[in-house]
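When reading the values below, keep in mind they use all heavy atoms of this one structure, side chains included, and skip hydrogens, waters and symmetry mates. Below, chain A is the first sequence line, B the second, and so on; all start at residue 1. As the structure is a computational prediction, the values presented were derived from the model and not from experiment.
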Protein chains: 2
Amino acid sequence: MSQLISLRDRKRTETWAALHDAAARLTLENGPDRVTTEAIAAQANVSARTFFNYFGTKEDAILGLQDPSIHDSWLAAFDVDADLLDQVSRLLVQVVHSTEGGADGDSLRMEVVRRFPQLRQRRFGYFLKVEQLVRDVLTEGITASAKWADVARRHRAEDISRMIVLIAGAPMRYAMQESAHAPTLDNQFAALSTANALLREVLPEIQ
Amino acid sequence: MSQLISLRDRKRTETWAALHDAAARLTLENGPDRVTTEAIAAQANVSARTFFNYFGTKEDAILGLQDPSIHDSWLAAFDVDADLLDQVSRLLVQVVHSTEGGADGDSLRMEVVRRFPQLRQRRFGYFLKVEQLVRDVLTEGITASAKWADVARRHRAEDISRMIVLIAGAPMRYAMQESAHAPTLDNQFAALSTANALLREVLPEIQ
DNA sequence: GTGCAGAGCCGCAATTTTGCAGTTGTGTAA
DNA sequence: TTACACAACTGCAAAATTGCGGCTCTGCAC
């Protein structure tokens with residue numbers, strides 16, 4: 001019973017959470033610059049070296065950011081031949097969401113971001129990785145799609161994907177810039193849907 | 001600060017204690033035969049395999065027995081040319097004590113032994129290892145001692161040590177047999193000092 | 001008694017954690 | 001300015017943990 005996930009995976013998750021929690025907690029107490037990776041590791045009861053096995057930078061730990069990854073089920077649901085703007089932006093949202101650690105209701109993270117908005121910048125860096133991932137998926141889809149065969153004859157699939165992801169990602173960038181100042185969950189959602197509507201309105205005009 | 005021992009050593013000690021604690025606790029609840037190594041490992045939050053990295057047998061874990069080892073300071077204090085009976089039995093006591101985990105006031109172990117005296121047998125097995133260790137030390141001492149050079153000319157140092165350890169260990173064996181029935185700390189000490197006195201009385205008579 | 005399941009225990013390879021010795025960049029006291 | 005401490009971060013090898021397959025033994029249903 002309760003062997004749904006291996007002990008190894010469970011412990012890895014626990015360690016990740018312990019580090020993020022320690023980082024966020026200590027940051028709230030002392031501010032991000034007065035917290036050392038060493039202190040975080042000590043608080044999480046692991047070595048300083050292990051800290052960097054889990055997070056690339058101190059800020060990632062504070063924010064609980066994970067390397068973006070694409071879940072199989074998202075891939076299965078992805079359809080190049082459907083409304084691409086919709087498909088791609090959905091995938092972008094999913095992957096971006098996957099970079100923000102397990103628990104959504106992580107009030108610690110929200111509090112940290114509220115108090116130290118500078119940290120928010122890190123998300124933009126992550127967004128580049130997210131785009132790369134989604135681009136790869138899209139490129140593969142386009143290459144295999146009959147619908148795109150024509151365009152693909154005049155442009156490389158990589159370039160087509162790059163352009164589409166840029167367009168479909170515009171609302172997310174918009175929302176990130178917007179909510180950087182007042183980074184609450186509500187603000188993010190609001191900004192994103194505003195941006196989506198905006199994009200839909202702008203697109204026909206420029207075609 | 002507080003880096004007196006390495007994180008590695010501290011964690012090793014903690015894991016050892018967690019396993020012993022889990023083993024003893026579960027044994028008290030269910031009896032030694034109704035506890036599995038797997039349950040102990042789960043309770044201690046490590047894998048079943050790790051259990052056997054720490055303890056050779058389930059009983060060792062329940063009793064908190066460690067492989068005997070000789071501390072450097074004991075070695076330094078050991079003097080072949082002093083009263084050997086005293087020296088050797090002191091060393092035996094120290095090493096035996098070292099096989100019974102860190103915390104002395106481990107009421108859990110005492111309670112377990114009180115409730116399930118069968119477990120006590122395991123100690124006799126350990127005593128053999130303890131004797132072996134002490135014999136090695138003694139052999140080396142005798143080999144290097146001028147005082148023993150004469151006897152060592154007629155007998156192998158190993159054999160001399162064996163005999164001495166047997167004699168010096170008699171009180172401990174006596175005490176272990178005695179206290180097997182009523183295994184409290186007081187009983188052990190009492191039995192040991194009785195046995196020591198007894199030995200001292202008997203020896204002159206048989207020489 | 002025969003088969004079989006459960007539990008103790010071990011060997012080994014894969015994964016994770018740790019220690020340690022760097023390198024780099026930055027603030028700051030001399 | 002120079003010197004230097006300190007903190008972020010990395011590479012690498014040693015140690016610890018895990019998963020897994022396999023072995024043996026014992027009790028129990030058949």
- Should we say atom CD of A:Glu140 is surrounded by more than 12 heavy atoms from elsewhere, each under 6.0 Å from it? no
Exercise. For A:Arg10 and B:Asn45, does a side-chain donor sit closer than 3.5 Å to a side-chain acceptor?
Worked result: yes
Taking five pairs at each terminus, the helix from C:dG1-D:dC30 to C:dA30-D:dT1 shows an axis bend, to 10°, of 20°
Q. Centre of B:Phe78's six-membered ring, under 6.0 Å away, within 45 degrees of the axis: is that where NZ or CZ of B:Arg90 sits?
A. no
Shorter than 3.5 Å, N or O on both sides, protein versus nucleotides 22-26 of chain D: list them out with atom names.
none

Evaluate whether atom CZ of B:Arg34 has more than 12 neighbouring non-hydrogen atoms of other residues, nucleotides or ligands under 6.0 angstrom away. no
Rounded to whole Å, the CZ-P distance (B:Phe52 to D:dG19) equals 15 Å
Applying side-chain hydrogen bond (donor to acceptor under 3.5 Å, both in side chains) to B:Thr143 and not counting sequence neighbours gives none
Those residues at least two apart in sequence (or on a different chain) that pass side-chain hydrogen bond (donor to acceptor under 3.5 Å, both in side chains) with B:Thr139 are B:Ser161
Taken to the nearest whole Å, CZ/B:Phe55 to P/C:dC9 is 12 Å
For A:Ala157 and A:Ile142 the tightest heavy-atom approach is CB-CG2, 4.2 Å
Side chains of B:Arg200 and B:Asn196: donor-acceptor distance under 3.5 Å anywhere? no
Rounded to whole Å, the CZ-P distance (B:Phe51 to C:dC9) equals 7 Å
Between CD of A:Glu14 and P of C:dT16 the distance, given in whole Å, is 15 Å
Those residues at least two apart in sequence (or on a different chain) that pass side-chain hydrogen bond (donor to acceptor under 3.5 Å, both in side chains) with A:Thr50 are A:Ser47
Per nearest nucleotide of DNA chain C, the residue lying toward the 5' end, B:Thr37 or A:Ala48, is B:Thr37
Residue set satisfying side-chain contact (heavy atoms from CB on, under 4.5 Å) with B:Ala82, at least two apart, ordered chain then number -> B:Asp79, B:Gln87
When rounded to whole Å, the CD to C1' distance for the pair A:Glu38 and C:dT18 reads 14 Å
side-chain contact (heavy atoms from CB on, under 4.5 Å) filter on B:Asp60, not counting sequence neighbours, yields B:Phe55, B:Thr57, B:Leu65, B:Arg122, B:Tyr126
Residues pairing under salt bridge (Lys or Arg N to Asp or Glu O under 4.0 Å) where one sits in residues 157-171 of chain B, two or more places apart or in two chains, turn out to be B:Arg156-B:Asp159
List every contact pair, protein side and nucleotides 24-28 of chain C side both N or O, where the distance is under 3.5 Å.
none

Sorted by chain and number, sequence neighbours left out, ring pair (Phe, Tyr, Trp, His ring centres under 6.0 Å) with A:His155 holds for none
Residues at least two apart in sequence or cross-chain that pass side-chain contact (heavy atoms from CB on, under 4.5 Å) with A:Leu28, listed by chain then number, are A:Leu108, A:Glu111, A:Val112, A:Arg115, A:Phe116
When you compare the protein's N or O atoms with those of nucleotides 11-17 of chain D, which come within less than 3.5 Å of each other, and at what distance?
unit_1 : atom_1 : unit_2  : atom_2 : d
D:dG11 : N7     : A:Arg49 : NH2    : 2.8
D:dG11 : O6     : A:Arg49 : NE     : 2.4
D:dA15 : O4'    : B:Arg8  : NH1    : 3.4
D:dA16 : OP1    : B:Arg12 : NE     : 3.2
D:dT17 : OP1    : B:Tyr54 : OH     : 3.0
D:dT17 : OP2    : B:Tyr54 : OH     : 3.0

Taken to the nearest whole Å, CD1/A:Ile62 to C1'/D:dA8 is 12 Å
Taken to the nearest whole Å, CZ/B:Arg34 to P/C:dG6 is 15 Å
A:Ile5 atom CD1 is separated from D:dG19 atom P, nearest whole Å, by 10 Å
